[in-house]
K.L.:
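What follows is a single structure, and I will ask about it in a moment.
Chain naming here is simple, since letters A, B, ... match the order of the sequence lines and numbering starts at 1 in each.
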Number of protein chains: 2
Amino acid sequence: MSESGQHHDCDVLVIGFGCAGAAAAYEAAVAGARVIIAERASGPGGSAAQSGGEIYLGGGTGIQRACGFDGDDADNMFAYLKAALGPHADEEKLRLYCDGSVEHFEWFRARGVPFEPSLYESPAWMAPTTDGLMWLGENAWPYNTLARAVPRGHRPSAPLFAGGVLMEKLAAAVAGAGAVIHTDTRATDLVTDGAGGRVTGATARKFGETVTYTARRGVIITTGGFVDNEEMLAEHATALVGHGKVSDGLDDGSGILMAQKAGAATRRMSSVQVALTALPAALVRGMLVNARGERFINEDVYPGTFSEAAVLHQPAPYWAIIDEKGYEDIPESDVWGVRPKYAAETLAELETELGMPPGALETTVATYNRHAAEGADPYFHKDPKWLRPLTGPFAALDPRDGFFGMAMETGVNGFTLGGLRTTADGSVLGLAGEPVPGLYAAGRAASGLHGEGYVSGTSIGDGTFFGRRAGKAAAANPAANPAGTRPGDPA
Amino acid sequence: MSESGQHHDCDVLVIGFGCAGAAAAYEAAVAGARVIIAERASGPGGSAAQSGGEIYLGGGTGIQRACGFDGDDADNMFAYLKAALGPHADEEKLRLYCDGSVEHFEWFRARGVPFEPSLYESPAWMAPTTDGLMWLGENAWPYNTLARAVPRGHRPSAPLFAGGVLMEKLAAAVAGAGAVIHTDTRATDLVTDGAGGRVTGATARKFGETVTYTARRGVIITTGGFVDNEEMLAEHATALVGHGKVSDGLDDGSGILMAQKAGAATRRMSSVQVALTALPAALVRGMLVNARGERFINEDVYPGTFSEAAVLHQPAPYWAIIDEKGYEDIPESDVWGVRPKYAAETLAELETELGMPPGALETTVATYNRHAAEGADPYFHKDPKWLRPLTGPFAALDPRDGFFGMAMETGVNGFTLGGLRTTADGSVLGLAGEPVPGLYAAGRAASGLHGEGYVSGTSIGDGTFFGRRAGKAAAANPAANPAGTRPGDPA
């Protein structure tokens, strides 16, 4: 099969070569299908390659055990995720995801993804080290009351943005399994056979020319979400309008729209992940407040969790309030270049600077201090190890300053979680809930595990986990017509 | 044309006979089109007939002027609605709506809808009188700083549920205009011509038999929202899962799904209206708090506004906290049968009863009282006329008790605001933003004016306003084929 021709024939066409596409293509190829991946960029990777690379895995993985955490199992993992990704998480998918998590971890290892057997302890968005394990909110209230607290943030061996290492290994595994990769190839439409509405291929554009594909067993959409499509955001996910984008710049929803034109239904199109660039190490030692100077969450949750609580539910702007001692206590490696925006001897001065109601910060800090003196946080239950009455001088840190001096308009970045409605095997469902024959999807082009909550690692996690299932299902799908039958197929 | 046959021919088929369907059918018939309305219930009315009947109208209507409010105009109305229905309200539709509001009011009057020239002053969900005008949040902060505060809640002459009066008059107008009404007729699918994808009719079921319709100029979907479809709620509008429904029981999204199968796009499917059954007259004299005993809004906003602030953004359960004097000050007509659930001499006792963090209510009330003693509410800006330090004994009212003794599981009712994507003329748009030829929609089957906010009266308001526009547009749409040409059509 040559990439240069105008038409290509395969069993399974995968559209998009991020983590979900890689997982789908690998499994389909290993199952014996002739696989082509059409990727519009000039190489593999997608948004996953530019991410922190966290993969949410647990239930007793080798890395968990090597780090001394023997107390996890699938039920415990399920209890955590049901709370952290809920309410309204997809419990069927979640159950499969937790039950299959140890095997999925081993799958990454077998593909050569390196994980170091050490834990990064500090509260952070991403580990600045090569540690293979980190906390993703499991040790924070209320989650630590609902499940045994064990860390499940698995990280390929690289500081900060470890997604590149992950995708390098997965892309190599895909090539090794025999899938053919067509880069610079932008799929434009699905091809449907007139009779049953079965998806039998796709058309694409490559350097101005049309390329057509016949996919006899199935087409798998793994094109990512739609954070880069302003019109789709305005129509469906207004929470991200005007905010920054966590993507490779190509998450324009094209795969979702293609599938909808072929009869697919969408699901939870308003769901988003949001990241407030507030410094976790400062928040745990101080507090996060809204525009009125009010606390609203225990600051030691995973940063995505305080971000959602702030951006989706509290009036902006948001501030990290800390005292001098707290700021000085932050290890240099956890400072991320964040300096105070305002400093003042008294809270009365600081709240005036911040335009808050008179007495707002004084009231909030007085309540916090009264309880902290007793080692308690009865409103939000921050871990007592972080509790200490705050004393002047005080400072306010502004999320809009970003990290490492990168100023941001709103201090918020995000991506979309809604997408195509799929079964647990990746089959795309139509408007009446029936499968669209021959069509599969995974990753952020699909609606996955998530309910109202998000935890880092669950996007690469469900993209690869359900990408694998979609790849297997597509490879096992009966061929669309006899011409597509492979040697060895049952007659 | 007979209702008893198996096939019917018309120019414009309106599916659904609530307020939007009535407005559309009336205008189409007056424009000379042969109109049939297919309604699945046994008579007209829809959810509008069971509602409070408020219509959001302003810009200087006769009733506003008769009540002494001369200061309104379209720009002032726009400024209020842009804030109250936003962010992310549809500004093009909103502009048309405000510019056309006085004419729209006169249209209701000309259809015989009675409005009395008197104002109901008290904060309330619905007026228990026949007054023709009420406040819908215009006089509350921050709206009273963004636009001149004038009331715009226009009400047909009936106490409480005035929607029945409204729909009685509109249904009579529709019949008078010559539209043919087919009741007990449940549309099941749209009919599309193979060539251009133009919608040319529909099929329906009536008492077990199939009825087909040819609509040569257009089909208008006015079937309402989808609050009665549990599967659609779970897929798209999880905020309403588990809550009560504001509907006639038939808002099952069938029209939205029919249109999607014909290629229509949807918009803002997660947007909802929510109503917390908290007593406005108690809240303004006391306070509304969340599960942690925290205030979060000025309690003198329109009840829909505090409901959204609570249900969509604050931890449940919610409580109205009031003192004995405040409760006794409520006029009997504003009590709505709501009695205290808990009473206590001290806030310490009351917060314990309510399971709040220790000191929570004490802290909140102390802050409130300190400011109230100075006639100020620097956090939320409740009108000073309601501000007074609260003194024991105290009571807590539970929204789950409902009104008039009707206990409710969650204390929340709602309906959906998302639906088909339409132009300002009601033309339904497809996935690529192109019109679906021959297809129109209005009312809660469509996405209307609303952004993140909702105000009572804007649902009947935009349903009738854009229903009228859709009716006119469909009547003026060139007939699908020559056989459908009416005498007098241009050759």
K.L.:
Is atom CZ of R95(A) surrounded by more than 12 heavy atoms (other residues, nucleotides or ligands) closer than 6.0 Å?
P.N.:
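Yes, because the 6.0 Å sphere around CZ of R95(A) holds more than 12 heavy atoms from other groups.
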K.L.:
So which heavy atom on P358(B) is nearest to which on P378(A), and how close?
P.N.:
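Heavy-atom minimum between the residues: CD-CB, 3.9 Å.
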K.L.:
What's the separation between atom NE2 in H88(B) and atom CG in L233(A), rounded to the nearest 0.5 Å?
P.N.:
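Reported to 0.5 Å precision, the distance equals 9.5 Å.
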K.L.:
Do the side chain of R268(B) and the main chain of A234(A) share a donor and acceptor less than 3.5 angstrom apart?
P.N.:
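Checked: pair present.
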K.L.:
What part of T363(B) gets closer than 4.5 Å to chain A, counting heavy atoms only: side chain, backbone, both or neither?
P.N.:
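For T363(B), the side chain is the part near chain A, not the backbone.
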K.L.:
With chain A as the partner, which of E452(B), M232(B), R421(B), H371(B) has the greatest number of non-hydrogen pairs under 4.5 Å?
P.N.:
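Of E452(B), M232(B), R421(B), H371(B), R421(B) has the most heavy-atom pairs under 4.5 Å with chain A.
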K.L.:
Is H313(B) reaching over with its side chain to a backbone N or O of Q314(A), donor-acceptor style, under 3.5 angstrom?
P.N.:
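Flag not set: sc H313(B) to bb Q314(A) has no pair under 3.5 Å.
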K.L.:
Can you tell which of T367(B), L312(B), D90(B) has the highest number of heavy-atom pairs within less than 4.5 Å of chain A?
P.N.:
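Answer, by heavy-atom pair count under 4.5 Å with chain A: L312(B).
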K.L.:
I need the minimum non-hydrogen distance between K261(B) and L431(A), along with the two atoms involved.
P.N.:
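The pair with the smallest heavy-atom distance is N-CD1, 3.5 Å.
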K.L.:
Return the option, out of M356(B), M269(B), E231(B), with the maximum number of heavy-atom pairs under 4.5 Å with chain A.
P.N.:
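Greatest number of close heavy-atom pairs with chain A: E231(B).
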K.L.:
Flag the one option from P357(B), S270(B), A376(B), G263(B) with the top tally of heavy-atom pairs under 4.5 Å to chain A.
P.N.:
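Of the options given, most contacts go to P357(B).
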K.L.:
Under 6.0 Å from the NZ atom of K82(B), do we count more than 12 heavy atoms belonging to anything else shown?
P.N.:
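Open.
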K.L.:
Enter the distance from R267(B):CZ to T238(A):OG1 here, rounded to the nearest 0.5 Å.
P.N.:
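The distance works out to 9.5 Å.
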K.L.:
With a 4.5 Å cut-off on side-chain heavy atoms, are F296(A) and E294(B) touching?
P.N.:
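No - every pair of side-chain heavy atoms lies 4.5 Å or more apart.
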